[in-house]
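Encoded as structure tokens, the structure appears first; notes follow it.
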Amino acid sequence: MATPELLHLRALAAVAEWSSYRRAAQAMNVSPSALSQAVRTLEQSLGVPLLQRTTRSVAPTEAGRALLAELRPLLAGLDSALANVGQFQALVRGTLRLNLPRSAASLWLEPLLGDFLRAHPGIALEVSSQDAMADIVPGGFDAGVRFPEALPQGMVAVPVGPVQRFCVVARPDVAQAQGLPQLPEDLLARPCVRQRFPSGALYHWQFRKGEVAKALDVSGPLTVDDQRLALGAALGGVGWAYIYEAMAAPGLAAGQLVQVLADWCPPEPGFHLYYPGRRQVSPALRAFMDWVQARQAA
């Protein structure tokens with residue numbers, strides 16, 4: 001029996017991972033027909049079928065599963081060895097695609113963009129900011145960013161940002177006219193800027209003091225789907241808004257906003273960058289994570 005070619009083995013592993021010739025071909029930057037031919041050649045050389053094809057998906061046969069169980073660690077080790085050699089190159093090159101919510105884009109990523117791209121001129125960074133939860137693997141992203149409680153299963157997660165804190169704010173004249181809320185439930189009798197998730201559900205404002213937690217379905221004349229709009233509405237005198245404290249900081253410092261219920265809004269864990277644990281980390285993603293972590297440690 002002839003020794004299979006490495007390209008054919010990689011083709012098998014890619015199709016099995018993506019459960020699709022088309023998506024695997026996109027990931028490998030080859031045509032689906034070339035990928036299909038590589039798998040057929042491998043099956044012919046081994047004399048056994050390795051993949052089962054249906055109208056909806058592609059799955060390994062029993063022989064394919066047995067081969068992949070041995071093959072994947074070997075390919076991962078080979079990729080790791082090649083990546084280590086690549087670290088000796090003076091310039092990391094490649095495209096890095098990130099998916100993250102708009103809040104993470106503005107609060108965490110935006111201040112980093114210029115310095116990172118100047119430090120890594122060989123990397124082309126593509127950012128998709130959307131609040132709807134995206135499946136980063138079929139979406140073709142190298143990594144995503146979310147809060148830890150929203151991370152998908154089976155992902156490797158790395159903390160990349162400082163702790164975040166929400167706050168309740170309004171314009172001073174609004175606060176004076178209505179009186180300052182002393183307890184979270186006092187907000188139920190005041191106009192608030194509501195926020196809606198991409199799923200359509202309304203966000204309930206979260207409060208916590210010690211062991212006591214409260215989630216309030218506030219009411220008000222305006223509902224938005226973006227924190228920046230909520231901030232603008234508070235500055236415009238629409239009512240009370242529940243937003244990131246870092247986003248409200250300039251308005252608070254300038255006296256354009258007042259903050260209440262600070263003791264009910266404790267700090268929460270910051271953003272985490274995540275990526276599939278079963279896939280080899282690209283040099284561009286590795287360079288980005290190392291650079292971010294070095295800045296955090298500085």
Side-chain angles (χ1 to χ4, degrees), residues 17 27 76 79-80 83 92 94-117 119-120 123-167 195-199 201 203-208 213 215 225-228 230-231 242-249 265-298:
E17 177 183 354
D79 289 339
S80 178
V92 178
T95 298
L96 174 60
R97 300 189 71 228
L98 300 178
N99 178 277
L100 67 172
R102 287 175 289 184
S103 56
S106 61
L107 290 175
W108 170 70
L109 183 61
E110 186 178 325
L112 304 178
L113 291 176
D115 289 345
F116 172 73
L117 292 174
H120 296 85
I123 293 178
L125 180 61
E126 182 177 339
V127 178
S128 175
S129 57
Q130 56 187 74
D131 291 336
M133 194 69 182
D135 191 339
I136 63 173
V137 174
F141 296 101
D142 296 284
V145 176
R146 296 284 161 179
F147 281 120
E149 65 270 16
L151 295 175
Q153 292 185 346
M155 296 287 173
V156 176
V158 180
V160 291
V163 296
Q164 295 291 338
R165 185 182 182 190
F166 285 92
C167 65
Q195 296 185 54
R196 192 179 295 277
F197 288 117
S199 65
Y203 178 65
H204 291 187
W205 294 10
Q206 306 293 316
F207 297 96
R208 179 165 52 86
D225 67 348
D226 183 78
Q227 286 265 305
R228 287 185 182 273
L231 171 61
Y242 183 87
I243 57 178
Y244 290 101
E245 191 175 57
M247 194 174 287
C265 300
E268 303 290 348
F271 298 111
H272 282 55
L273 181 143
Y274 66 95
Y275 57 92
R278 65 180 183 276
R279 295 176 62 184
Q280 177 65 31
V281 176
S282 70
L285 178 56
R286 174 57 61 191
F288 180 73
M289 290 192 297
D290 289 346
W291 185 85
V292 169
Q293 290 177 323
R295 280 179 66 104
Q296 290 181 168

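For clarity, every value in this text was computed on a predicted model and none was experimentally measured.
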Exercise for review: Please round to the nearest 0.5 Å and tell me the distance separating atom NE2 of H120 and atom CG of D290.
Suggested key: 8.0 Å
Check your understanding: With a 4.5 Å limit on heavy-atom distance, are the side chains of V145 and L109 in contact?
Key -> no
Check your understanding: Do you know the tightest heavy-atom contact between P138 and D135?
Key -> CD-OD1, 3.0 Å
**Study point:** side-chain hydrogen bond (donor to acceptor under 3.5 Å, both in side chains) partners of S128, counting only residues at least two apart
**Key:** Q130
Review point. Considering only heavy atoms from C-beta outward, does the side chain of M155 approach that of I136 to under 4.5 Å?
Key: yes
**Study point:** Gap between atom CD of E245 and atom CG of L107 - 0.5 Å precision
**Key:** 11.5 Å
Check your understanding: Within the side chain of Q227, is there an N or O that forms a donor-acceptor pair under 3.5 Å with the backbone of Y244?
Key -> yes
**Study point:** Straight-line distance of I243 CD1 to W205 CH2, nearest 0.5 Å
**Key:** 9.5 Å
Exercise for review: List the atom of S106, the atom of M247, and the distance in Å for their closest heavy-atom pair.
Suggested key: OG-CE, 3.8 Å
Practice item. Look at the side chain of E126 and the backbone N and O of A124, then say whether any donor-acceptor pair between them is shorter than 3.5 Å. Key: no
Check your understanding: Heavy-atom distance under 4.5 Å between the side chains of L100 and F141, does that happen here?
Key -> no
**Study point:** Exam field: side chain D131 to backbone P101, donor-acceptor pair closer than 3.5 Å
**Key:** no
Exercise for review: Output the distance between atom CH2 (W291) and atom CD1 (I123), rounded to the nearest 0.5 Å.
Suggested key: 10.5 Å
Exercise for review: Considering non-hydrogen atoms only, spot the tightest contact between M289 and V281 and give its length.
Suggested key: CE-CG1, 3.9 Å
Revision key, fill the gap. Heavy-atom nearest pair, L125 first then L117, reads CB-CD2, 3.9 Å
Would you be so kind as to tabulate the donor-acceptor pairs closer than 3.5 Å made by side chains of residues 268-276, with sequence neighbours excluded?
unit_1: E268; atom_1: OE2; unit_2: R208; atom_2: NH2; d: 2.9
unit_1: H272; atom_1: ND1; unit_2: G270; atom_2: O; d: 3.1

Check your understanding: Quick one: CZ on F288 to CG on L112, what's the gap to the nearest 0.5 Å?
Key -> 6.0 Å
Practice item. Quick one: do V127 and E110 satisfy side-chain contact (heavy atoms from CB on, under 4.5 Å)? Show the steps, please. Key: CA-CA 10 Å; V127 178; E110 186 178 325; over 6 Å; no
Practice item. First locate atom CG of L151, then atom CE of M133, and finally report the distance between them rounded to the nearest 0.5 Å. Key: 6.5 Å
Review point. Shortest non-hydrogen contact from Q206 to A215?
Key: NE2-CB, 3.7 Å
Check your understanding: Which is it for V160 and R295 under the side-chain contact (heavy atoms from CB on, under 4.5 Å) test, yes or no, and what are the steps along the way?
Key -> CA-CA 10 Å; V160 291; R295 280 179 66 104; over 6 Å; no
Review point. Should the pair F166 and F147 be assigned to parallel (<30°), tilted (30 to 60°) or perpendicular (>60°) ring geometry?
Key: tilted
**Study point:** Non-hydrogen atoms of V158 and Q293 that approach each other most closely
**Key:** CG1-NE2, 2.9 Å
